[in-house]
Peer 1: 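Before I ask anything, let me first share the structure, which is written out below as structure tokens.
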Amino acid sequence: MAFNLTRRKFLQTASLAAASVPLSKVVTAEAGVAKSPFTPSGTMADETRVGGVCEMCFWRCQLVGKVRGNRLMKLEGNPKSIDNGQSICARGNAGVQLLYDRDRLKYPMKNVGKRGAPKWKRISWDEALDECAKKLKATETKYGAKGISVFPHGASAKYPMHFLEKTVGTHNVSEASFFQCRGIRDTAFLYTIGTPPGENVDMANAKVIFVLGGHFGENVHVSHVKRYLKGLENGAKLVIVDPRFSASAAKSDEWVPVKPGTDTALMLGMMNYIIQQDKHNKSFIDRYGIGFDEFKDAIAEWSVEKAAKTCDVPAEQIKRVANLLADNAPHVSIHPGRHVSWYGNDFQRQRALACLMGLLGAIGVKGGFVKGKGPKGVGSITWPRGDHHGEALHRMADKYHFAPPGTPTELIRDAAISGKPYPIKSCVIWGQNPLQTIPKPQKTIDMLMQMDFVMCVDVMPTDITMYADILLPEASYLERYDYIKKGTQWDLSGKQQQYISARMPMIMADFERKDQVYITNEIAKRMGYGDKIPVNTLPEMVDKQLAGAGLSIAKLIAEDGIHLQPGKDPYGVPEDLEVFFYNEEIGDYGYPAAPTYIPVEEVPDGYFRLLYGRSPVHTFNRSQNNVWLHHEMPENPVWINDEMADKLGLKDGYRVYCVNSEGVKSRNTTWVKVTPGIRKDSVYMAHGYGSRNPALSVGAGNGIDDQSLITKLAVDPETGCSGMRNNFVKLVKA
Ligand SMILES: Nc1nc2c(c(=O)[nH]1)N[C@H]1C(S)=C(S)[C@@H](COP(=O)(O)OP(=O)(O)OC[C@H]3O[C@@H](n4cnc5c(=O)[nH]c(N)nc54)[C@H](O)[C@@H]3O)O[C@H]1N2
Ligand SMILES: Nc1nc2c(c(=O)[nH]1)N[C@H]1C(S)=C(S)[C@@H](COP(=O)(O)OP(=O)(O)OC[C@H]3O[C@@H](n4cnc5c(=O)[nH]c(N)nc54)[C@H](O)[C@@H]3O)O[C@H]1N2
Ligand code: SF4
Ligand SMILES: [Mo]
């Protein structure tokens with residue numbers, strides 16, 4: 001037995017969608033797009049379309065599209081939005097370039113060459129769907145549903161994922177957003193404060209904002225960045241813990257250049273100090289805390305001096321930061337982080353963050369952790385559960401008891417490569433680029449090479465699509481409907497309002513691009529699951545979901561793409577809140593029950609720890625071929641400390657290769673950025689560069705692919721997520 005049932009269920013349903021009503025008459029398949037009563041503001045366009053929802057990243061800002069004739073000219077924030085408002089970021093703007101990218105996938109293709117060195121033959125949709133269904137069915141028949149693996153990411157991947165996971169019945173599903181991103185955060189908070197946190201801190205109204213590693217401004221999520229900047233405008237003090245002088249560190253009052261991997265020790269030192277100073281929120285802890293005495297005892301060894309030594313930061317600074325937080329509590333934003341799969345000791349760090357919130361009572365109050373109350377009623381559409389569900393690999397292995405939904409990537413790769421405990425012989429990749437997303441890319445290649453069948457659904461040719469047998473072109477987010485976006489206003493202040501919107505196409509899909517419901521249903525029918533299909537078309541799905549809230553696509557269009565309604569006061573501590581400072585359930589599985597620092601491997605002599613983060617103008621690898629964005633940041637420089645550069649004879653702008661401690665050399669070179677703004681033990685680069693696929697006429701071969709250097713993987717013991725910052729590199733002059 002692993003998960004507490006109710007919590008497990010909560011987690012599973014949190015990401016699902018469901019519901020039912022006939023297709024609206026206004027938006028027909030012919031019209032296909034949502035025209036609006038808006039008058040275009042510029043002269044460039046002769047029509048404004050509403051209902052756009054950006055997916056250049058996963059924040060889903062609300063858009064309008066300016067259209068001339070049959071061409072989308074420009075994207076803007078939807079003026080009615082109470083989320084991103086009229087703002088969109090560089091990537092959001094550049095969505096037009098993705099839409100019209102000449103290298104985009106246009107037709108179904110069959111690989112008549114080899115995996116990794118493909119030769120593409122254009123085939124018909126019928127041929128492609130027949131082949132996919134035949135191969136997947138063959139795997140299912142021979143090995144059971146568990147012989148199929150799924151690597152999904154993004155809104156359009158949910159529908160096919162649920163088909164394969166629920167109806168066909170494989171557990172071997174690994175979503176990038178969980179196992180390489182925020183899954184650890186979600187379960188650590190679930191088992192500490194009872195809910196996955198999202199990024200729900202009320203920074204706009206905070207007195208202090210405390211962030212570990214998050215580099216807002218480089219990590220761009222529009223309404224989130226707005227909330228953060230509003231907090232700073234309102235006078236919030238900013239503490240940024242980061243080995244690098246990031247865009248956020250540049251705005252901070254305290255930059256804590258922590259030794260990479262030691263953040264847990266820092267927080268234990270701070271919390272112990274706050275308790276010793278008697279500055280913790282005793283009434284809050286008395287009321288909501290569980291296991292506080294055990295927690296207090298467990299962290300008592302963490303003197304400020306010990307933390308200072310472990311983290312390589314001054315003891316005085318640790319005290320200053322702890323006092324700043326405690327003196328302004330409870331109106332402090334302890335940011336939960338987002339990409340948190342760093343070192344393989346991450347569940348404990350995320351637990352410590354959640355405990356810090358609890359210690360300060362910074363939950364449900366202005367400036368603290370506050371979940372805005374979103375609208376109710378929007379239904380979800382889901383595939384019915386089949387009856388041949390086996391046990392997930394981590395349950396069979398009795399490991400990773402606090403894994404997020406799906407199966408830890410590492411177990412899927414291990415099982416596929418070894419054939420144990422059972423073979424995995426088909427792979428469906430939908431909106432994910434595992435070669436750049438998952439550490440140890442060679443292992444991903446080994447996994448793919450032993451498959452009987454690999455199918456990819458994408459919008460662009462990317463590194464991973466080179467390994468497909470069948471490659472299917474999907475309509476982009478600007479050419480299709482999608483799941484509902486709902487929420488509350490971004491800054492939680494003023495008039496309380498909630499919103500509901502749905503992604504609607506800005507333009508009809510061109511060439512032979514199809515949407516997720518068409519592709520999935522056609523495969524399902526051919527596999528003998530026709531009677532299980534929950535919905536016939538994508539607009540029908542959206543209409544059915546909206547019906548639950550008394551809305552429809554037609555009504556949304558009439559409301560300029562966004563339905564607003566009065567909201568509720570988001571503040572107040574949930575009645576049933578429990579803060580597990582010490583969690584026996586975690587202890588029962590043999591993990592530390594109180595947050596514990598687990599040391600990371602030291603950097604070997606002559607090497608630097610490889611750190612990575614976001615490029616402000618790119619999204620991972622997916623935007624590399626985007627001409628506008630490419631011009632903004634064509635390569636990812638490698639940051640090195642100025643004193644270390646001096647020692648190595650490296651000057652700003654020199655070109656280098658990176659070679660890691662296991663002898664892997666980067667495929668490309670990049671330029672060196674010499675700066676005092678990074679610790680001496682680390683180098684840093686933006687993630688997502690160095691695409692391999694020669695079909696990318698703009699994006700191929702620029703900069704260094706950080707993932708190719710991440711050949712040592714530290715799997716987080718509680719969750720099975722991929723810790724990626726345990727690799728060491730040298731810079732070699734080119
Ligand atoms: N422009 C842009 N914005 C994006 C995205 C994008 O691709 N492009 N992706 C979005 C997604 S899905 C996510 S998950 C988020 C991720 O955004 P974040 O959660 O902010 O990203 P991280 O990779 O965790 O943080 C990177 C920072 O962590 C620092 N760091 C490295 N090691 C350590 C350490 O040991 N301790 C501490 N304290 N800091 C460390 C790095 O120096 C860097 O500044 O960004 C989102 N926003
Ligand atoms: N080394 C390293 N690894 C990381 C990270 C890191 O910072 N460093 N970040 C991690 C994080 S936080 C995350 S969230 C993941 C992100 O991991 P991914 O989501 O795998 O990253 P992307 O590069 O966006 O690749 C997504 C793929 O989806 C395709 N795509 C884009 N739009 C569509 C669409 O509408 N439909 C379909 N079918 N496909 C589409 C793109 O062309 C691309 O091939 O990576 C994780 N891995
Ligand atoms: S933050 Fe930028 S890329 Fe992400 S959804 Fe919003 S506009 Fe699009
Ligand atoms: Mo992410």
Side-chain angles (χ1 to χ4, degrees), residues 14 50-51 53-54 59-64 77-88 189 193-209 216 221-236 284 288 328-336 357 361-380 483-503 545-551 555-556 558-577:
V50 296
V53 176
C54 186
W59 202 246
R60 307 180 81 200
C61 296
Q62 294 161 316
L63 305 172
V64 296
N78 188 328
K80 198 177 172 187
S81 172
I82 55 169
D83 185 55
N84 57 294
Q86 279 183 275
S87 322
I88 52 175
F189 273 72
I193 62 167
T195 178
E199 290 79 34
N200 293 297
V201 269
D202 184 20
M203 292 188 285
N205 300 300
K207 291 189 178 162
V208 184
I209 301 172
F216 313 139
H221 283 157
V222 170
S223 52
H224 187 254
V225 173
K226 278 188 168 185
R227 198 183 295 174
Y228 153 79
L229 291 176
K230 185 160 178 188
L232 298 187
E233 268 168 40
N234 286 345
F284 183 92
Y288 303 107
N328 288 284
H331 307 289
V332 294
S333 288
I334 306 297
H335 197 285
M357 268 182 192
I363 298 176
V365 292
K366 271 217 176 277
F369 172 73
V370 182
K371 269 194 164 174
K373 294 191 173 69
K376 292 210 162 54
V378 174
S380 66
Y483 286 85
I484 310 302
K485 177 176 170 74
K486 54 183 180 169
T488 188
Q489 79 260 50
W490 62 272
D491 68 350
L492 300 181
S493 68
K495 193 168 65 160
Q496 293 303 327
Q497 279 186 301
Q498 301 169 338
Y499 65 81
I500 299 175
S501 65
R503 174 174 290 140
Q545 285 188 273
L546 288 171
L551 291 167
K555 278 191 190 158
L556 268 188
E559 295 184 32
D560 294 331
I562 300 172
H563 172 75
L564 296 179
Q565 60 191 38
K568 297 197 181 76
D569 181 355
Y571 298 106
V573 185
E575 273 299 313
D576 53 353
L577 176 73

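Starting from 1, each residue takes its place in the sequence as its number. Atom set for the values below is all heavy atoms of this structure, side chains included, hydrogens, waters and symmetry mates excluded.
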Peer 1: When rounded to the nearest 0.5 angstrom, what is the spacing between CH2 in Trp490 and SG in Cys61?
Peer 2: 12.5 Å

Peer 1: Any chance you could measure Asn205, atom CG, to Arg227, atom CZ, to the nearest 0.5 Å?
Peer 2: 10.0 Å

Peer 1: Would you please classify the geometry between the Phe189 ring and the Phe369 ring as parallel, tilted or perpendicular, with 30° and 60° separating the classes?
Peer 2: tilted

Peer 1: Which residues pass the ring pair (Phe, Tyr, Trp, His ring centres under 6.0 Å) test with Tyr288, sequence neighbours left out?
Peer 2: Phe284

Peer 1: According to side-chain contact (heavy atoms from CB on, under 4.5 Å), who are the partners of Pro570, at least two apart in sequence or on a separate chain?
Peer 2: Val370, Leu492, Gln496

Peer 1: Rounded to the nearest 0.5 Å, how far apart are CG of Asp83 and NZ of Lys226?
Peer 2: 8.5 Å

Peer 1: Report the residues that fulfil salt bridge (Lys or Arg N to Asp or Glu O under 4.0 Å) with Glu559, sequence neighbours left out, ordered by chain and then residue number.
Peer 2: none

Peer 1: Is the backbone of Gly379 close enough, under 3.5 Å, to the side chain of Gln545 for a donor and an acceptor to pair up by distance?
Peer 2: yes

Peer 1: So Thr488 and Lys373, side chain to side chain donor-acceptor pair (under 3.5 Å) or not? Walk me through it.
Peer 2: CA-CA 6 Å; Thr488 188; Lys373 294 191 173 69; over 6 Å; no

Peer 1: What are the two closest heavy atoms between Val201 and Pro336, and how far apart are they?
Peer 2: CG2-CD, 4.0 Å

Peer 1: With sequence neighbours left out, write down each residue that passes side chain to side chain donor-acceptor pair (under 3.5 Å) with Asn200, or none if nothing qualifies.
Peer 2: none

Peer 1: How close do Pro330 and Val365 get, heavy atom to heavy atom, and via which atoms?
Peer 2: O-CG2, 3.4 Å

Peer 1: Let me confirm one number: the CZ-OH distance from Arg503 to Tyr483, rounded to the nearest 0.5 Å.
Peer 2: 11.5 Å

Peer 1: Say you draw a straight line from CG of Leu577 to CD1 of Ile363; how long is it, rounded to the nearest 0.5 Å?
Peer 2: 5.0 Å

Peer 1: To check you understand the geometry: which heavy-atom pair defines the closest contact between Tyr499 and Ile82, and what is its length?
Peer 2: CD2-CG1, 3.6 Å

Peer 1: Could you report the tightest heavy-atom contact between Ala502 and Leu546, atom names first, then the distance?
Peer 2: CB-CD1, 4.5 Å

Peer 1: Rounded to the nearest 0.5 Å, what separates atom CG in Leu63 from atom CD in Gln86?
Peer 2: 12.0 Å

Peer 1: Any side-chain to backbone donor/acceptor pair from Lys486 onto Ser501? Under 3.5 Å, distance only.
Peer 2: no

Peer 1: Go through Trp59 and Lys485 one step at a time and tell me if the side chain to side chain contact (heavy atoms under 4.5 Å, CB included) criterion holds.
Peer 2: CA-CA 10 Å; Trp59 202 246; Lys485 177 176 170 74; 5.5 Å; no

Peer 1: Might you work through the side chain to side chain donor-acceptor pair (under 3.5 Å) test for Asn84 and Ser223, ending with a clear yes or no?
Peer 2: CA-CA 5 Å; Asn84 57 294; Ser223 52; over 6 Å; no

Peer 1: Give a yes or no answer on whether the side chain of Ser333 reaches the backbone of His335 with a donor-acceptor pair at less than 3.5 Å.
Peer 2: no

Peer 1: Do side-chain atoms of Lys80 reach the backbone of Ile562 as a donor and acceptor pair under 3.5 angstrom?
Peer 2: yes

Peer 1: Quick one: does any side-chain atom of Arg60 pair with a main-chain N or O of Val53 as donor and acceptor, under 3.5 Å?
Peer 2: no

Peer 1: Sequence neighbours left out, what passes side-chain contact (heavy atoms from CB on, under 4.5 Å) with Gln565? Give chain and number order.
Peer 2: Pro375, Gln498, Ile500, His563

Peer 1: My understanding is that only residues two or more places apart in sequence, or in another chain, count here; which of them pass side-chain contact (heavy atoms from CB on, under 4.5 Å) with Asp491?
Peer 2: Ala204, Lys230, Gln489, Ser493

